[in-house]
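Heads up, the thing below is written out as structure tokens.
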Amino acid sequence: MSLNSHHLLVEVALDLANSLNTGDRFDRLLGSIRKAIACDAVVLLGFRDGMLTPLAMQGLSSDVLGRRFLLAEHPRLQRICDSNKPLLFANDCDLPDPYDGLLVSQLGNLPIHSCMGLPLYSDNQLIGVVTLDSFKPHAFDDIELKTLELITALSAATLKTALEFKKLELSAHHAQEVVKELTQEALLKDGGEIIGQSPVMQTLKNNIELVSGSNFTVLITGETGVGKELVARKIHQLSERKTAPLVYLNCASLPESLVESELFGHTKGAFTGADKARAGKFQLANGGTLFLDEVGELPLSTQSKLLRVLQSGEIQPVGQDKVEHVDVRIIAATNRNLEKEVENEQFRSDLYHRLMVYPIHLPSLKERGEDVLLLAGYFLERISRQLNIRQLRLTSEANTSLLNYSWPGNVRELEHVISRAALRAKAISPHQAIVSLTSELLEITADTPVSSLAELDTPPTNSQPNMSLKAATEAFQKRVIAHALQQADGNWAHAAKQLQMDRSNLIRMAKRLNITVQKNTQITFN
């Protein structure tokens with residue numbers, strides 16, 4: 001090793017020791033590696049359960065941090081993980097490169113280039129890898145083995161330190177063995193992962209970690225499609241109840257006559273059709289967590305009985321005189337403004353305050369900035385596996401379109417947009433290894449409000465002089481929705497896009513306002 005390289009790496013070690021947080025450590029590590037070894041791209045990835053998760057990168061498109069690489073589908077990465085020392089690939093290696101089409105300074109298939117991987121071990125266990133790529137053939141041929149071994153050790157120590165710091169952050173909430181498991185899961189595991197680096201998402205993650213160690217009731221608020229169920233699962237997963245059941249109930253999907261039975265169960269013969277006793281969701285969740293999605297849709301009659309459970313832990317199955325005690329943590333979610341629902345006497349004030357012990361608000365996708373690109377990368381990697389496409393990438397124009405769109409359907413809409421575009425792209429280029437998604441394939445444009453709203457009379461011409469504010473508001477809502485449906489030829493999805501709201505929310509509001517679309521696309525309301 002040259003004297004300059006030795007001094008550089010010593011400086012790197014001292015620099016990393018003074019870094020304040022994990023992200024800072026990772027960025028400094030990769031920057032220092034590039035000073036020691038000239039390369040066009042370098043990536044640090046964490047390893048768990050046959051999968052590599054990018055933790056930091058330089059020289060690649062930003063969506064890479066959202067991707068998850070299954071070793072079974074990426075033979076180069078598999079070879080690195082199978083090695084116990086730095087691995088240099090031949091310049092003409094025919095194994096597909098996982099970063100084809102993703103390098104910032106190179107479009108399309110990677111030409112003959114230099115590729116190297118450093119497996120990172122801690123206590124004889126693989127915890128991650130570092131990959132280096134250079135467009136210059138033979139760029140890594142003359143690097144001394146000692147230099148590579150020292151960089152590998154430094155990288156492994158940095159990753160291990162990050163994992164250890166994460167354990168210390170969680171130790172106040174969990175026993176040490178639980179901390180060890182959950183730390184690696186939060187950093188490295190795919191599925192149920194909350195992806196995002198924006199300030200609002202960092203705040204969200206902090207709130208989740210803080211409340212998970214308690215038994216507090218949590219109310220999750222946010223628009224449709226932002227991931228409220230995912231947050232509920234993460235809270236349960238990080239709680240001391242994680243080995244007990246997490247039971248889900250969509251309160252909006254049940255007829256009012258069946259809600260009480262679904263929640264509390266019923267005895268045989270309790271009502272017509274009850275041919276046998278049936279446990280309710282509270283009984284199934286005993287000892288664990290019950291997630292009440294769309295809790296704002298519960299009828300007032302059921303709200304009073306839910307309040308009783310929150311106050312005393314007692315339930316009474318339909319048709320049974322005896323009460324039962326249950327130990328259930330409640331996590332509720334809604335896209336409604338419950339405070340306004342309370343003002344309008346559509347939701348009980350006492351239940352609202354019982355649910356609001358620890359409120360968590362989920363930001364909409366348009367509030368999350370460049371998180372949309374990380375999420376796009378996550379969906380691209382997953383969809384490429386589903387469609388058997390080796391590499392899906394976004395053009396720079398497509399990235400701009402994703403960032404400029406307002407995403408009324410939030411993360412769910414992003415997933416559907418990426419899926420449709422990938423399917424169209426594959427149909428256009430069925431035999432290409434690297435498939436690019438253009439802004440045209442995404443089929444998203446800057447949102448425009450419903451046109452001609454100025455033509456709508458305000459107040460409505462059919463309003464009465466002494467009409468209440470609530471009635472006047474509903475009358476105006478009817479006319480705006482009807483106008484949007486007429487413009488969209490009765491298409492609910494197009495009308496929802498014009499109104500900048502989710503389709504399911506529009507249908508629910510229209511139902512409440514008695515708005516219907518006839519077969520001839522005629523719009524009627526009472």
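Along the sequence shown, residues carry numbers from 1.
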Please report the closest heavy-atom contact between [X] and [Y], naming both atoms and the distance.
{"X": "Gln283", "Y": "Pro317", "answer": "NE2-CG, 3.8 Å"}
{"X": "Ile360", "Y": "Leu204", "answer": "CG2-CD1, 3.4 Å"}
{"X": "Phe347", "Y": "Val295", "answer": "CE1-O, 3.6 Å"}

Main-chain N/O of [Y] paired with [X] side-chain donor or acceptor, under 3.5 Å:
{"X": "His266", "Y": "Glu260", "result": "no"}
{"X": "Arg329", "Y": "Phe216", "result": "yes"}
{"X": "Asp63", "Y": "Leu373", "result": "no"}
{"X": "Glu294", "Y": "Ala252", "result": "no"}

Is the number of heavy atoms from other residues, nucleotides or ligands within 6.0 Å of [atom1] ([X]) greater than 12?
{"X": "Lys305", "atom1": "NZ", "answer": "no"}
{"X": "Gln316", "atom1": "CD", "answer": "yes"}
{"X": "Glu345", "atom1": "CD", "answer": "no"}

message: Are the side chains of Thr53 and Arg68 in contact, using a 4.5 Å heavy-atom criterion?
response: yes
message: Quick check: do Leu387 and Val435 have side-chain heavy atoms less than 4.5 Å from each other?
response: no
message: Nearest 0.5 Å, please: how far is NE2 in His325 from CG in Asn286?
response: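 Result: 11.5 Å between the selected atoms.
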Sole candidate of Leu442, Leu402, Asp371 that passes side chain to side chain contact (heavy atoms under 4.5 Å, CB included) when paired with Leu414: Leu402
Audit row: Gln202, Lys205, side-chain hydrogen bond (donor to acceptor under 3.5 Å, both in side chains) steps and yes/no: CA-CA 5 Å; Gln202 293 298 335; Lys205 292 176 183 179; 5.2 Å; no
query: What class does the angle between the rings of Tyr248 and Phe291 fall in, given that below 30° is parallel, 30 to 60° is tilted and above 60° is perpendicular?
result: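 Rings of Tyr248 and Phe291: tilted, 30 to 60°.
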task: Can you sort out the partners of Ser122 under side chain to side chain contact (heavy atoms under 4.5 Å, CB included), two or more places apart, ordered by chain and number?
output: Ile127, Lys160
